[in-house]
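One structure is given below, encoded as structure tokens.
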Number of protein chains: 2
Amino acid sequence: MSKELPEWEKAREEFVVQWGSLGTQWGIPRTMAQIHALLMTAPEPMCTDDVMERLEISRGNAHTNLKDLVGWNLVRIITKKGDRKEYFEAEKDVWKIFITISKERKRREIEPAMQLLRDCAARTKEEAVGPGRDFHQQMKDLDEFLSFGVKVADTVISMKHASALQWAMRLLG
Amino acid sequence: MSKELPEWEKAREEFVVQWGSLGTQWGIPRTMAQIHALLMTAPEPMCTDDVMERLEISRGNAHTNLKDLVGWNLVRIITKKGDRKEYFEAEKDVWKIFITISKERKRREIEPAMQLLRDCAARTKEEAVGPGRDFHQQMKDLDEFLSFGVKVADTVISMKHASALQWAMRLLG
DNA sequence: TCACGATTTCACTAAAAACTGAAAATACCG
DNA sequence: CGGTATTTTCAGTTTTTAGTGAAATCGTGA
């Protein structure tokens with residue numbers, strides 16, 4: 001006895017599976033990407049058991065990845081009164097998702113890199129000639145570029161969707 | 001008998017190692033990130049054996065990752081006359097590195113995702129009500145956002161560094 | 001406080017990814 | 001051609017990461 005899914009649920013199934021394998025290509029755990037896809041397209045918040053059943057994964061796996069998504073601020077926990085289970089709901093607004101991911105990546109990926117570049121630049125600031133000087137300069141160039149990129153990103157992040165759109169249209173126009 | 005490295009080479013060593021482990025955090029193979037760091041800070045082009053020796057890795061590993069970097073257009077092959085070895089040289093200009101990575105990521109990561117979103121949107125375009133309609137709309141929203149992002153990226157990618165800077169300054173100012 | 005549903009942890013296993021080393025293929029030179 | 005330096009491939013191994021499932025912990029209401 002297999003449940004007959006409506007057409008849109010079949011498309012959703014496809015979306016979840018493929019989003020999962022796309023995820024692995026950019027270094028995101030398959031399950032995490034799948035859960036995110038599932039929740040982004042969920043009409044209602046889902047609980048751990050819903051996710052386990054739908055993706056046929058263990059409780060531990062579902063739990064860990066749900067909590068990781070909460071840690072990325074891409075998913076929030078909902079509690080219903082009279083029910084002590086936790087339900088999970090993904091942010092669906094595309095602009096907000098973009099802002100959130102940008103912030104997190106900045107914090108987790110860019111900032112540590114900048115720290116390293118600064119350390120390496122500082123250690124070689126006395127180098128006045130030849131390869132030593134070039135190395136120092138390279139570290140500074142990379143750092144400056146990232147700093148600048150972060151400033152731009154911070155500006156965009158602080159914008160409302162509409163202002164960002166308007167600004168981008170000007171660039172394109 | 002261990003070779004005494006100049007101070008800047010010690011900093012470089014640190015850079016290579018740490019860039020490698022940063023790399024793994026954003027889904028880039030450690031060795032690939034290390035080789036890239038090594039070449040970005042190399043005074044002269046290096047051959048496969050140079051890289052093997054410096055990073056203490058096997059020939060196969062060095063070879064594969066060097067060629068992958070060439071495939072990303074982050075590294076190019078240099079041949080010296082009277083020497084049949086291949087030498088490798090990384091792009092050092094930060095703006096060019098940025099452009100290259102943006103292009104490649106667009107091609108490898110964004111475009112496949114957009115394809116999926118379009119398929120899923122197309123399969124559900126008849127859905128007129130309720131969750132089916134919401135799903136369709138979500139796919140369209142994601143697709144539109146990415147399309148727009150790609151347009152912006154294409155514009156930036158086509159700019160010279162100086163114009164991009166000027167444009168960004170206006171945003172910040 | 002006890003019982004129970006829910007969450008969290010974690011030792012273990014499974015799967016995937018990265019790396020090795022040597023053999024095979026290729027390119028160049030006389 | 002034949003010899004040699006170099007590049008490429010790939011089966012096998014190691015390392016890393018992801019996932020399981022059951023036990024431990026937590027939290028709430030009776």
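None of these values were measured; they are calculated from a predicted model. By convention in this document, chain letters (A, B, ...) are assigned in the order of the sequence lines, proteins followed by strands, and residues within each chain are numbered from 1.
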| field | Value in whole Å for how far the C1' atom of D/dT6 lies from CZ of B/Phe88 | value | 11 Å
| field | Whole-Å gap separating C1' (C/dG5) and NZ (A/Lys85) | value | 9 Å
| B/Lys103, NZ: over 12 other non-hydrogen atoms inside 6.0 angstrom | no
| Is the NZ or CZ atom of A/Arg170 both under 6.0 Å from the centre of the six-membered ring of B/Trp167 and within 45° of that ring's axis? | no
| Is the shortest distance from a Lys or Arg side-chain nitrogen in B/Asp49 or B/Arg59 to a carboxylate oxygen in the other one below 4.0 Å? | yes
| said: Please give me every residue in residues 57-65 of chain A whose heavy atoms get under 4.0 Å of an atom in DNA chain D, ordered by residue number. | reply: A/Ile57, A/Ser58, A/Gly60, A/Asn61, A/Asn65
| message | What is the distance, to the nearest angstrom, from the CZ atom on B/Arg30 to the P atom on C/dC19? | response | 8 Å
| request: Mark yes when over 12 heavy atoms from residues, nucleotides or ligands other than A/Lys140 sit less than 6.0 Å from its NZ; otherwise mark no. | output: no
| request: Among the candidates C/dC19, D/dT4, C/dT8, find the nucleotide nearest to the side-chain atoms of B/Arg84. | output: D/dT4
| query | Taking atom P of C/dC19 as reference, at what distance in whole Å does atom CD of B/Glu56 sit? | reply | 14 Å
| message | Any carboxylate oxygen within less than 4.0 angstrom of a Lys/Arg side-chain nitrogen, looking at B/Arg107 and B/Glu111? | response | no
| task | Could you please name the option among D/dT8, C/dT7, D/dT7 that lies closest to any side-chain atom of B/Thr48? | result | D/dT7
| query | A/Asp49 has an atom CG; how far is it from atom P of C/dG5, in whole Å? | reply | 13 Å
| task | Step through the shown structure and confirm whether more than 12 heavy atoms of other residues, nucleotides or ligands are within 6.0 Å of NZ on B/Lys80. | result | yes
| task | Look at the side chain of A/Lys67 and decide which nucleotide, out of D/dT7, C/dT8, C/dA18, has an atom nearest to it. | result | C/dT8
| Geometric cation-pi criterion A/Arg108 and B/Trp26, 6.0 Å radius, 45° cone | no
| query | Could you state the NZ-P distance from A/Lys80 to C/dA6, rounded to the nearest angstrom? | reply | 13 Å
| task | Could you tell me whether B/Thr24 contacts a base, only the sugar-phosphate backbone, or nothing, with contacts defined as non-hydrogen atoms closer than 4.0 Å? | result | nothing
| Atom CE of A/Met52 and atom P of D/dG19: how far apart are they, to the nearest Å? | 14 Å
| message | Rounded to whole Å, please give me the gap between CD in A/Glu86 and P in D/dC26. | response | 15 Å
